[in-house]
Number of protein chains: 2
Amino acid sequence: MSEMQSAAFDPLDPPKRAITADVVVLTVVDGNLWVVLQRRGDGADEPFPGRLSLPGTFVGDEEELLETAQRVLRDKVGLTVDARQLSRSGVYDLPDRDPRMRTISVAFVVLIAEHDHRTFIDTARDHGQLYQVSKLIDGGEDSQIIDQREPMAFDHVDILTEAREHVRVLLEETDAALDLLPPVFTLTQLREIYDAVWDASLNPGNFIKRVTRIDGFIEQVSPDGISEAEFPSSPIESDAAWMVYESVPSFNSVSTSDHAGSGAPSRRLGRPPRHFRSAGSAKLHPPLRRPGSYFSRPTSQE
Amino acid sequence: MSEMQSAAFDPLDPPKRAITADVVVLTVVDGNLWVVLQRRGDGADEPFPGRLSLPGTFVGDEEELLETAQRVLRDKVGLTVDARQLSRSGVYDLPDRDPRMRTISVAFVVLIAEHDHRTFIDTARDHGQLYQVSKLIDGGEDSQIIDQREPMAFDHVDILTEAREHVRVLLEETDAALDLLPPVFTLTQLREIYDAVWDASLNPGNFIKRVTRIDGFIEQVSPDGISEAEFPSSPIESDAAWMVYESVPSFNSVSTSDHAGSGAPSRRLGRPPRHFRSAGSAKLHPPLRRPGSYFSRPTSQE
DNA sequence: TCAAAAGTGTTCTGATTACACCCATGT
DNA sequence: ACATGGGTGTAATCAGAACACTTTTGA
């Protein structure tokens, strides 16, 4: 059978387009979800001068888009991440999304832990490159009347919105939340990650029971970092120093020490928590669904 | 702040790539999932001569990729579908996936109902363009030893594999199953769609209870097509002809009438079923999960 | 009367949620 | 002693699954 041809294009010389990979770098600090943005230049023929934008660049000749995203992170952001931490979140192809030329963008999301990239996050904060995701998407916290969003370049607010939803699903179905934590963490730290990304207030007790039931997700470690399958719930004989990676209260550190709810999780108060690390499996069985996805009646956790 | 540049590309003249939209046309006939494929030509400089491939073409200048997919369906397949029925299922960007040039493909999936496109399906079957998805992906049914898959061109078997998984999730979370049925259908017809796409054998009684509980998914209609909110379960007073769109046993119609399990659903045997139509809402609350996604223990429905 | 298909009822299991309560530690 | 945060127990509610059973038709 002869192949039907669309008659519009020569298959030996089809039209070519500009392709970019844009990267949404997300992190949780101080109980909030932050994104790394750059500010566009003020050149005369630059579109969206002075606007906030996601880092991105054009795909190379012999390069997968995932590698392009890694290159963007290395060259334009200053981050080195594993390929497995990057997740494709969307394709953006409206013909007029870039006023200069026809540009199709593929968006990637990466979650970085405050602990693993402490110096980067401090530097980005000092340069004003960290923005609260909820304020960019929904507007300010008390913006019932006035929308105080700062507008982003191109359709990057759409990319950010879909990236946040993508990450919320990732936290339901995979162990992506561990990318936002140090190698050893407590269940409270893990719950605060889910609270921040889902914009939830999960019940601490119920969270412990749900998350420890998922097989292959997390495993308890002794204070010195050795995993123990049957580690006792109350470490009575432990007097050694706990090898805990603490969170730094880098934001809101204006010495008003008791208004930021979940600023410094490990300040040696109350019963000492157990410590956990990743148990290896990337997919959660069963998934850890957001509040309200099971029951249809209204709940207080939603 | 000066914008960092990757130094590899001129932002005013970035490298350009060929972009295509490939379409995975799926339908359920005779209890199986089928895909529409084309066979590549035997030209000397054609890659993958004679291989099976998904229909696709290059994106136009002022055209979204979704519109490209619609154009492919109209010009190369001979189908006219609504834009809402098309769903993006993946991006394929390996540098060497097309031996001719660097080509990045975006895949779309569309589900067509046997009833709505009966002449098209008959024509496609006569031209040998319909293939069973499970045989292309997994091999033949009894291929424990011999893999009798016919190889597909490019990475189209990967596209097809991810498209099937995409559709399986679509049937969990949206009313996409209704795209595979006529406007008025029975619960048995709907269950056979889920059985075919999920490769499941859902319990008929449990399926009825689950699916009728989902608010806004389907609503019962009287035999003449008028919806009734409180339609009685047993239509005692009905003697009029039922306006039912019946399935045609177009495949396996070799007169061995009792071996193809779910060939012709409406053959006037047993208790007459109720009839339903779409209730409008695209997203299902709660979703209709596949067997085994809730319980962790092994089940017989899986 | 019998088979076949549609639909209901019942029971068991298990997940979600709410909330009370206990445990361990610093001040 | 007391506050604070970590963690367990328990009960109510609801969903998934298995399966027996009833209903309604054609043969």
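The sequence lines fix the lettering, A, B, ..., with proteins before strands; numbering per chain opens at 1.
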Think [X] has a side-chain N or O under 4.0 angstrom from the OP1 or OP2 of [N]?
{"X": "Arg213(A)", "N": "dT16(C)", "answer": "yes"}
{"X": "Arg274(B)", "N": "dA6(C)", "answer": "no"}
{"X": "Arg210(A)", "N": "dT17(C)", "answer": "yes"}

What is the separation between atom [atom1] on [X] and atom [atom2] on [N], rounded to the nearest whole Å?
{"X": "His275(A)", "N": "dG6(D)", "atom1": "NE2", "atom2": "P", "value": "10 Å"}
{"X": "Asn203(B)", "N": "dA6(C)", "atom1": "CG", "atom2": "P", "value": "13 Å"}
{"X": "Phe207(A)", "N": "dA15(C)", "atom1": "CZ", "atom2": "C1'", "value": "16 Å"}
{"X": "Leu269(A)", "N": "dC2(D)", "atom1": "CG", "atom2": "C1'", "value": "11 Å"}
{"X": "Leu202(B)", "N": "dG7(C)", "atom1": "CG", "atom2": "P", "value": "16 Å"}
{"X": "Asn206(B)", "N": "dA18(D)", "atom1": "CG", "atom2": "P", "value": "8 Å"}
{"X": "Arg290(B)", "N": "dA17(D)", "atom1": "CZ", "atom2": "P", "value": "13 Å"}
{"X": "Gln189(B)", "N": "dA6(C)", "atom1": "CD", "atom2": "C1'", "value": "13 Å"}

What nucleotide among [options] has an atom nearest to a side-chain atom of [X]?
{"X": "Arg271(B)", "options": "dT4(D), dT17(C), dA6(C)", "value": "dA6(C)"}
{"X": "Pro291(A)", "options": "dT17(C), dG6(D), dA6(C)", "value": "dT17(C)"}
{"X": "Leu187(B)", "options": "dC19(C), dG6(D), dG7(C)", "value": "dG7(C)"}
{"X": "Pro272(B)", "options": "dG26(C), dA18(D), dT25(D)", "value": "dT25(D)"}

Open item on the list: If you assign each of Pro287(B) and Gly270(B) to its closest nucleotide in DNA chain D, which residue comes earlier from the 5' end?
Closed with: Pro287(B)

TODO: Nearest-nucleotide wise, let me know which of Leu288(B) and Gly205(B) is further upstream toward the 5' end of DNA chain D.
DONE: Leu288(B)

Open item on the list: Walk me through whether Gln189(B) and Ile193(B) qualify under side-chain contact (heavy atoms from CB on, under 4.5 Å).
Closed with: CA-CA 6 Å; Gln189(B) 288 177 301; Ile193(B) 295 296; 5.9 Å; no

Open item on the list: Holding to side-chain contact (heavy atoms from CB on, under 4.5 Å), I want the full list of residues that pass it with Ala124(A), two or more places apart in sequence or in another chain.
Closed with: Phe120(A), Gln129(A), Leu130(A)

Open item on the list: I'd like to know if Arg84(A) and Asp179(A) make a salt bridge, using a cut-off of under 4.0 Å between side-chain N and carboxylate O.
Closed with: no

Task: Note: Glu165(A)-Arg290(A) ion pair, threshold 4.0 Å (strictly below) - done: yes

- [ ] Indicate yes or no: at least one non-hydrogen side-chain atom of Val197(B) is less than 4.5 angstrom from one of Leu180(B).
- [x] yes

Open item on the list: Using a distance-only criterion (donor-acceptor N/O pair, under 3.5 Å, no hydrogens), is the base of dG16(D) paired with the side chain of Lys209(B)?
Closed with: no

